[in-house]
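Below, chain A is the first sequence line, B the second, and so on; all start at residue 1.
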Protein chains: 2
Amino acid sequence: MHEWQEEVLAEVRAGRRISDRDIVDKVRRAVLMQRLPPGTRLPEVTLGEVFGVSRSVVRKALTRLASEHVVDQRPNQVARVRAPSIEETRETFAARRLVEGEVAALLAGRLDAASRERLAAEARGEIEAHGRGDEPARIEHSLAIHHLLAAHSPNRVLGAMLTDLILRTSIVIALYKRPNLASCFLEGDHAALLAALEQGDAEAAREGIRHHLESLEALLDLSPREASIDLMAILGRSREQA
Amino acid sequence: MHEWQEEVLAEVRAGRRISDRDIVDKVRRAVLMQRLPPGTRLPEVTLGEVFGVSRSVVRKALTRLASEHVVDQRPNQVARVRAPSIEETRETFAARRLVEGEVAALLAGRLDAASRERLAAEARGEIEAHGRGDEPARIEHSLAIHHLLAAHSPNRVLGAMLTDLILRTSIVIALYKRPNLASCFLEGDHAALLAALEQGDAEAAREGIRHHLESLEALLDLSPREASIDLMAILGRSREQA
DNA sequence: GGCATGGATCCTGTATACAATGAACCTGTT
DNA sequence: AACAGGTTCATTGTATACAGGATCCATGCC
């Protein structure tokens, strides 16, 4: 967590005011990148010191993070990075298949040339990043594709729901990825999806999403643990931020 | 709003502590019942005085209400009761058809006897309330049915999403109901749905939901306004709480 | 009449102080 | 050693003070 302190100081020197939004973004990103593992304590004063603001701002940020399902906020207890269970992971994937499938179906044949090119560029970028073994960059490109779908959803309510589900699935992917697996890259999935979207084949687009997300889920290790993880999370003694 | 003050005082005298949750519940309910029309200003100090708490608690409540899409919270401006547009209304209904349809399909043939009886009782209660012209009671029973579906959803992620969508559709139904229409009662819809659930026919259940929600949406007046509503909402001069 | 300008006022943003709760720890006993 | 009890410390809950922004209204100008 302390790595932030430098950039924060830099931004403060640059005259920028840190707001709750900045904190939400930084913490969300850190969770996504597994820099803040599940169960990590997030005391209000500590965060406040890191970001150079008072508890009021931190509290607002934590409340928003809780509504995004990123942290767990319980009365009279420190906020902690959430650790979704295996069951919740499965349910999140199922929900995303439903919602993103519908969004893709609605979007089929309705994307303008600029958006299509933007999507294609991200897909090319993903392949290229995978080729040079740059997994963080590959993830960025992959996420960009799905976030673009959400942003362009003709149904904005579904789009907002999809944004939330993309975040949640990303977190659990990071959590349950098989450790020996270098990458969650599924060659051709995104290209096939984009082709279906371009051709205006709604059902092919929906099926493309379904297949992609099922394959992704299959790459995870969702076999039942002997509660060791859960015990760790519950009894979990000070997995402090280094 | 001031009607609350009495009950609040009563609860305080009874030794109960008012928390942000209470405020959220009360405001949500008031919006649902159209006691707080769209655009109503909700200043923090005023709410604080009504509930006998300080701004800190009110702020938390307002933030939560904003994440529930009940109020609009913009920087440096008073929170206002949200007024979803006609377009958003259509999108909310479409999203709910998708999600509740899936939940119903998942639930088909999986409900235990007690839950089925509970649902049947609410359906009977709805018909009975409609018969004696008690619209508020009818709405309560109708909402109870859908909330039960959400609560029993095997997929809890979808269940939580459905809970949110039920709230949002209820708000826009109250907003856009044709004024001459006494009730949004659709005879037989709920009974047919329950029958499909009991028989375990997933697709019939999904179709029952789809049909029910489409009929409901058709009862609303979603014809494009000449921006009069929007101007009112934007320029909206002090529609104060009496 | 329409419209810009200025100040008074209302309201939110933020920081901080104090109360209250919960966790950690230490101690004494069996 | 295991455990119960109480004490201490860390951390959140709530209220309040002050600063800054937005709104509203009156005034004056075109």
- [ ] Would you mind telling me which of A:Leu36, A:Val27, A:Asp72, A:Leu65 makes a side-chain contact (heavy atoms from CB on, under 4.5 Å) with A:Val81?
- [x] A:Leu36
Rounded distance in Å - [atom1] ([X]) to [atom2] ([N]):
X       : N      : atom1 : atom2 : value
A:Leu42 : D:dA10 : CG    : P     : 19 Å
A:Arg74 : C:dG22 : CZ    : P     : 12 Å
A:Asn76 : D:dT11 : CG    : P     : 14 Å
B:Arg21 : D:dG13 : CZ    : P     : 13 Å
A:Glu49 : C:dT16 : CD    : P     : 12 Å
A:Leu47 : C:dT14 : CG    : C1'   : 17 Å
A:Leu62 : D:dT11 : CG    : P     : 13 Å
B:Glu44 : D:dT14 : CD    : C1'   : 14 Å

Do side-chain atoms of [X] reach the backbone of [Y] as a donor and acceptor pair under 3.5 angstrom?
X        : Y        : result
A:Arg80  : A:Thr40  : no
A:Thr163 : A:Gly159 : yes
A:Asn155 : B:Glu91  : yes

Open item on the list: Heavy-atom nearest nucleotide on DNA chain D for B:Arg55 versus B:Lys60: which residue maps closer to 5'?
Closed with: B:Lys60
TODO: Check every atom of D:dT11, C:dC11, D:dA15 against the side chain of B:Val53 and return the nucleotide holding the closest atom.
DONE: D:dA15
Is the shortest side-chain N/O distance from [X] to OP1 or OP2 of [N] below 4.0 Å?
X       : N      : answer
B:Ser56 : D:dT14 : no
A:Arg59 : D:dG13 : yes
A:Arg41 : D:dA10 : no

